[in-house]
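Single-structure report; data block below.
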Amino acid sequence: MSRRVVVTGMGAVTPVGVGVNAFWEGIKQEKTGFAPITRFDASDYKCRMAAEVRDFQPEDFMDKKSARRMELFCQFAVAAAGEALQDAALDMEKEDPYRVGCSIGSGIGSLQAIEREYARLLEKGPSRVAPLFVPLMISNMAAGNVSIAFGLKGKSLNVVTACATGTNSIGEAFRSIQYGDADVMLAGGTEGAVSPIGIAGFTSLTALSDSTDPARCSIPFDKDRSGFVMGEGAGVVVLEELEHARNRGARIYAEVLGYGCTSDAFHITSPAEDGSGAARAMENAMADGNVAPQDVTYINAHGTATHHNDLFETRAIKLAFGEHARKLRINSTKSMIGHLLGAAGAVEFIACVKELEEGFIHRTVGLRESEEELDLDYCRESRREEVPYALSNSLGFGGHNASILIGNMRS
């Protein structure tokens with residue numbers, strides 16, 4: 001028999017605020033994180049906007065020596081994990097560290113380290129490449145550094161499924177607790193890829209918006225959408241077996257009910273045109289949680305503001321929900337924070353928990369008018385209403401589809 005899993009802590013580093021409270025207040029205030037790129041000179045680039053994390057000082061979350069041995073994506077992960085642990089009031093001295101694990105992924109790792117050390121290789125030769133180049137660059141070091149920082153000796157995972165990474169990471173942590181591999185898991189995603197090669201590569205792929213208007217550069221489900229805005233940051237949650245949480249008197253935010261994932265097996269960048277893969281992921285998550293489609297009222301969509309994603313995700317929702325799709329509230333958090341790639345699903349999971357907790361569904365900021373086939377309720381306005389269940393979707397290059405379902409605590 002599988003065990004029940006609950007959320008007991010959350011941590012976030014985002015373009016609209018560092019810390020969950022700052023992030024959530026920014027979302028409720030419809031704050032957007034879009035501004036000209038400052039991490040490098042982007043004046044020659046077609047895309048010159050990003051959603052950067054502002055006012056982040058790694059020394060606020062770790063000592064200077066540790067910070068120097070981490071690239072930005074790892075610093076974000078450690079900061080978010082520290083907040084999540086503190087929020088959960090989890091005392092590691094009272095825990096069996098081999099029963100506390102980590103599932104924190106990054107879609108890319110450190111492009112900055114690759115750029116920096118490759119330039120050094122060309123200019124000064126192979127002997128001058130930094131000794132720590134590889135451990136600074138590889139994507140599993142987010143999970144590795146979090147485990148080291150907080151003494152987590154249980155299962156340590158690095159899921160890499162492109163833009164589905166954060167959702168898959170939480171889903172695999174959920175499974176690990178369900179079936180007894182761990183009692184507690186820190187789970188989520190992190191990314192820091194606002195770099196010359198990152199922006200140039202996504203621009204060449206025609207995935208990024210070239211708008212310089214902060215109000216119109218990330219507009220999911222709008223007929224004038226032109227691509228996503230690159231974001232950065234991290235989201236980490238503490239997932240815990242229900243009785244373990246109750247025995248230590250933990251505050252419980254929500255229960256994780258179901259997890260579904262599929263592959264489109266279709267194209268390296270485009271989702272399946274009929275939405276069948278994403279639809280099955282949603283169906284699997286609901287079936288896993290024993291929740292009927294007609295009982296779900298809210299979806300936090302992947303909603304990237306690219307033409308194909310928004311159209312094909314809409315088709316997927318219609319396929320999974322039938323006529324009930326027209327009764328769903330659907331929004332995209334990316335309308336405010338941009339696309340955090342491997343961190344997107346994790347930060348959006350946190351948004352779902354807060355929406356469920358407060359009975360508040362945020363609007364899809366910037367959405368004015370959709371084209372004919374995009375005819376669902378994409379939340380042009382925020383609203384206060386009970387959210388019994390929240391379904392969060394993530395879709396990644398390569399055809400990765402992941403959906404996770406949360407709800408208020410059942411009896």
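Remember, predicted model here, so these are calculated numbers, not experimental data. Values below: all heavy atoms of this structure, side chains included; hydrogens, waters and symmetry mates excluded.
Salt-bridge annotation for Arg39 and Glu232: present, with a side-chain N of the basic residue lying under 4.0 Å from a carboxylate O of the acidic one. Using a 4.0 Å cut-off between a side-chain N of Lys or Arg and a carboxylate O of Asp or Glu, Asp222 and Arg368 do not qualify as a salt bridge. With salt bridges taken as basic N to acidic carboxylate O contacts below 4.0 Å, one links Glu373 and Arg315. At a threshold of 4.0 Å, the pair Arg4-Glu241 does not count as salt-bridged, since none of the basic side-chain nitrogens sits closer than that to a carboxylate oxygen. Under 4.0 Å is where a charged nitrogen must lie from a carboxylate oxygen, and between Glu71 and Arg116 at least one such pair does. Salt bridge present: Arg225 and Glu371 bring a charged side-chain N and a carboxylate O closer than 4.0 Å. Residues Glu358 and Lys28 are paired through a salt bridge, judged by an N-O separation under 4.0 Å between the basic side chain and the carboxylate. Between Asp183 and Arg3, at least one side-chain N (NZ, or NE/NH1/NH2) sits under 4.0 Å from a carboxylate O, which counts as a salt bridge. For Asp310 and Lys334, the salt-bridge test fails: no basic side-chain N is under 4.0 Å from an acidic carboxylate O. Ion pairing between Arg246 and Glu243 holds under the 4.0 Å rule for side-chain N and carboxylate O. A salt bridge between Asp96 and Lys153 is absent, with no side-chain N of the basic residue lying under 4.0 Å from a carboxylate O of the acidic one. A salt bridge links Arg216 with Asp224; the closest basic N to acidic carboxylate O contact falls under 4.0 Å.
Of all heavy-atom pairs between Asn408 and Leu356, the closest is OD1-CD2, 2.6 Å. Here the shortest heavy-atom pairing between Ala234 and Ala343 reads CA-CB, 4.1 Å. Considering all non-hydrogen atoms of both residues, Leu152 and Cys102 come closest at CD1-CB, 4.1 Å.
At distances below 3.5 Å, at least one donor-acceptor pair connects side-chain atoms of Gln75 with backbone N or O atoms of Ala67. For Ser110 (side chain) and Ala113 (main-chain N/O), a donor-acceptor pair under 3.5 Å exists by modelled atom type. Checking side-chain atoms of Thr364 against main-chain N and O of Ser332 turns up a donor-acceptor pair under 3.5 Å. Side chain of Arg363 to main chain of Arg380: a donor-acceptor pair is present (N/O by atom type, distance under 3.5 Å, no hydrogens or angles). Between the side chain of Arg248 and the backbone N or O of Ala89, at least one donor-acceptor pair lies under 3.5 Å. His302 contributes no side-chain N or O that, together with a main-chain N or O of Ala402, makes up a donor-acceptor pair within less than 3.5 Å.
Using a 30° and 60° split on the angle between ring planes, Phe221 and Tyr378 fall in the parallel class, below 30°. In this structure, Phe61 and Phe56 have parallel ring planes: the angle between them is below the 30° cut-off, well short of the 60° mark.
With rounding to the nearest 0.5 angstrom, the OG atom of Ser403 is 5.5 Å from the CE atom of Met282. Residue Cys74 holds its SG atom at 9.5 Å from CD1 of Ile104, rounded to the nearest 0.5 Å. From Thr14, atom OG1 reaches atom CD1 of Ile337 across 6.0 Å, with rounding to the nearest 0.5 Å. The OH atom of Tyr179 sits 11.5 Å away from the OG atom of Ser176 when rounded to the nearest 0.5 Å. Atoms CE and CG, from Met62 and Asn145 in turn, are 8.5 Å apart once rounded to the nearest 0.5 Å. Rounded to the nearest 0.5 Å, atoms CD (Glu117) and CD (Gln112) are 12.0 Å apart.
With 3.5 Å as the limit, one finds no donor-acceptor pair spanning the side chains of Asp213 and Ser211. Between the side chains of Asp87 and Tyr253, at least one donor N or O lies within less than 3.5 Å of an accepting N or O. Between Asn158 and Ser139, the side chains place a donor N or O and an acceptor N or O closer than 3.5 Å (distance only, hydrogens not considered). For the residue pair Thr203 and Lys46, no side-chain donor N or O sits within less than 3.5 Å of a side-chain acceptor on the partner. Tyr259 and Gln178 share no donor-acceptor pair across their side chains, judged by distance under 3.5 Å alone. Checked by atom type, the side-chain pair Thr269/His267 shows a donor-acceptor distance below 3.5 Å. Side chains of Glu191 and Ser106: a donor-acceptor N/O pair is present below 3.5 angstrom, by distance only. Using modelled atom types, one finds a donor on one side chain and an acceptor on the other under 3.5 Å when comparing His362 with Thr333. Between the side chains of Asn309 and Thr306, no donor N or O sits under 3.5 Å from an acceptor N or O. Side-chain contact, Asn300 with Asn393: no donor N or O sits under 3.5 Å from an acceptor N or O. Side chain to side chain, Thr8 and Glu240 meet the donor-acceptor criterion of an N or O pair below 3.5 Å.
Contact annotation: the side chain of Val146 approaches that of Leu186 to within less than 4.5 Å [non-hydrogen atoms, C-beta and beyond].
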Give the intermediate values and the outcome of salt bridge (charged side-chain N to carboxylate O under 4.0 Å, His left out) for residues Lys327 and Asp377. CA-CA 8 Å; Lys327 298 180 181 179; Asp377 181 354; over 6 Å; no
Stepwise salt bridge (charged side-chain N to carboxylate O under 4.0 Å, His left out) test for Arg69 and Asp63: CA-CA 10 Å; Arg69 289 173 175 260; Asp63 62 72; over 6 Å; no
